[in-house]
Amino acid sequence: MKTTTRLPATCGFLLALLLALPLRAQTQSEAPQEIRAFQQIAGDRSALFRARQGERYDFSANGHPYWSTKEFRKGTIEFEGNRYYDVPLNIDALTQNALVRLSNAMIDIALPPAQVAFLELEGRRYVGIGPDEESLPEGFYEVLGKGPHHVYKHVTKQLHSSTNNANGDIIGYYDPDYKENVLRYFAIKTDYYFRDSDGHFSRFKGKGALIRKFPARKKEIRRTLSDLGFNIPGSNFDAICETILNVADQ
């Protein structure tokens with residue numbers, strides 16, 4: 001459940017001042033004292049922190065709203081044409097925003113996907129797709145594959161509530177609004193899209209659907225997947241996709 005949490009007064013004031021700055025670059029002497037102090041903390045990354053604050057969540061719900069982990073990890077992000085390195089980053093899968101954080105503060109700043117060309121975390125690459133893109137829904141996508149063909153993985157989450165018992169046992173906690181025990185949880189949905197060498201996208205479901213994108217290599221792909229043990233139920237689907245693309249693009 002989202003909660004409304006205000007920025008600390010000083011930080012909120014600084015962000016408001018940053019938003020009010022003219023587009024032209026200001027020299028250090030031209031900038032107000034508060035802006036100079038904020039920019040000194042943020043360094044050459046201060047442009048990243050002119051957006052709005054990220055959502056604050058009530059973590060009494062099971063799970064979390066982020067792409068894969070609640071931890072912010074240092075990575076690279078290209079925002080509005082500028083590239084920044086070693087920035088604490090995460091992705092909010094519920095709001096579909098990239099999140100950046102000052103290393104010495106607990107303030108998350110939300111960057112919409114239309115303004116983020118890409119971000120890289122622990123060797124994984126994510127791209128932002130804006131609302132004007134007709135091929136894919138707006139949001140962030142992990143890009144699988146190194147060759148001319150790619151798979152775009154899209155993770156979305158929603159905050160759900162349930163008042164059902166699990167096997168007769170009471171779950172969750174008592175909520176006076178519901179007047180019974182409630183379980184709140186972040187439900188995850190994952191979609192996969194195939195991008196061909198011409199840049200066209202098509203949504204697919206399952207290993208077989210992706211293999212059929214490469215009719216001339218089907219036997220070789222299936223043999224490779226079998227040799228690697230990917231025919232076992234529950235195998236890592238991302239790894240299966242990457243293996244199929246690697247074989248097809250050889």
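Below 30°, between 30° and 60°, or above 60°: for Y141 and H154 the angle between ring planes is below 30°, a parallel geometry. In this pair, F194 and H149 present their aromatic rings parallel. The plane angle is below 30°, not in the 30 to 60° band.
Distance check, rounded to the nearest 0.5 Å: OG of S197 to NE2 of H150 gives 10.5 Å. The distance from atom CG of D92 to atom NE2 of H64, rounded to the nearest 0.5 Å, is 11.0 Å. We find the CG-SG distance between N246 and C241 to be 11.0 Å, quoted to the nearest 0.5 Å. In this structure, NZ on K219 lies 14.0 Å from OG1 on T224, to the nearest 0.5 angstrom. Here the CZ atom belonging to R73 is positioned 12.5 Å from the CD atom belonging to E120, to the nearest 0.5 angstrom. Taking OG1 from T243 and CD1 from I211, the interatomic distance works out to 10.5 Å, rounded to the nearest 0.5 Å.
For the pair E220 and R217, the salt-bridge criterion is met [side-chain N within less than 4.0 Å of a carboxylate O].
When all heavy atoms are compared, the tightest approach of D249 to G147 is OD2-CA, 3.7 Å. Across all non-hydrogen atoms, the minimal contact from I240 to S235 is CD1-CB, 3.9 Å. The two atoms that bring D191 and K189 nearest to each other are OD2-NZ, 2.6 Å, heavy atoms only. Taking all atoms of both residues into account, the shortest heavy-atom contact from F204 to A209 is CB-CB, 4.0 Å. Between K205 and R203, the closest heavy-atom pair is CE-NH2, 3.8 Å. Of all heavy-atom pairs between L245 and G145, the closest is CD1-CA, 3.8 Å.
I109 and W67 fall within a single hydrophobic cluster, where Ile, Leu, Val, Met, Phe, Trp and Tyr are joined by side-chain heavy atoms under 4.5 Å apart, directly or via other members. Under the 4.5 Å side-chain contact rule for hydrophobic residues, Y126 and Y84 share a cluster. I244 and F230 fall within the same hydrophobic cluster, where Ile, Leu, Val, Met, Phe, Trp and Tyr residues are linked whenever their side-chain heavy atoms come under 4.5 Å apart, directly or through other members. Note on F79 and I129: separate hydrophobic clusters, where clusters join Ile, Leu, Val, Met, Phe, Trp and Tyr whose side-chain heavy atoms are under 4.5 Å apart, directly or indirectly. Under the 4.5 Å side-chain heavy-atom criterion for Ile, Leu, Val, Met, Phe, Trp and Tyr, V151 and I221 are members of the same hydrophobic cluster.
Q96 contributes a side-chain N or O that, together with a main-chain N or O of F140, makes up a donor-acceptor pair within less than 3.5 Å. Using modelled atom types, one side-chain atom of N90 and one backbone atom of E71 make a donor-acceptor pair closer than 3.5 Å. When atom types are taken as modelled, the side chain of D196 and the backbone of D198 share a donor-acceptor pair closer than 3.5 angstrom. Judged purely by atom type and a 3.5 angstrom limit, S226 has no side-chain atom pairing as donor or acceptor with the backbone of R222.
Taking the six-membered ring for Trp, F201 and Y152 have ring centres closer than 6.0 Å. Taking the six-membered ring where the residue is Trp, the centroids of F237 and Y192 are separated by under 6.0 Å.
Between the side chains of S202 and K213, at least one donor N or O lies within less than 3.5 Å of an accepting N or O.
Using a 4.5 Å heavy-atom threshold, the side chains of L99 and I91 count as separate. Considering only heavy atoms from C-beta on, N97 comes within 4.5 Å of P113 through its side chain.
Applying the salt bridge (Lys or Arg N to Asp or Glu O under 4.0 Å) test to every pair with at least one member in residues 129-143, sequence neighbours left out, gives these pairs: R124-E142. Each salt bridge (Lys or Arg N to Asp or Glu O under 4.0 Å) pair with one or both residues in residues 226-243, not counting sequence neighbours, appears once here: K153-D238.
Paired with L119 under the rule side-chain contact (heavy atoms from CB on, under 4.5 Å), one option of T76, L89, L111 passes, and it is L89.
Counted within 6.0 Å of CD on Q158, heavy atoms from surrounding residues, nucleotides or ligands total 12 or fewer; the atom is thus considered open.
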Salt bridge (charged side-chain N to carboxylate O under 4.0 Å, His left out) between D108 and R101, worked out: CA-CA 5 Å; D108 305 337; R101 175 178 289 177; 2.7 Å; yes
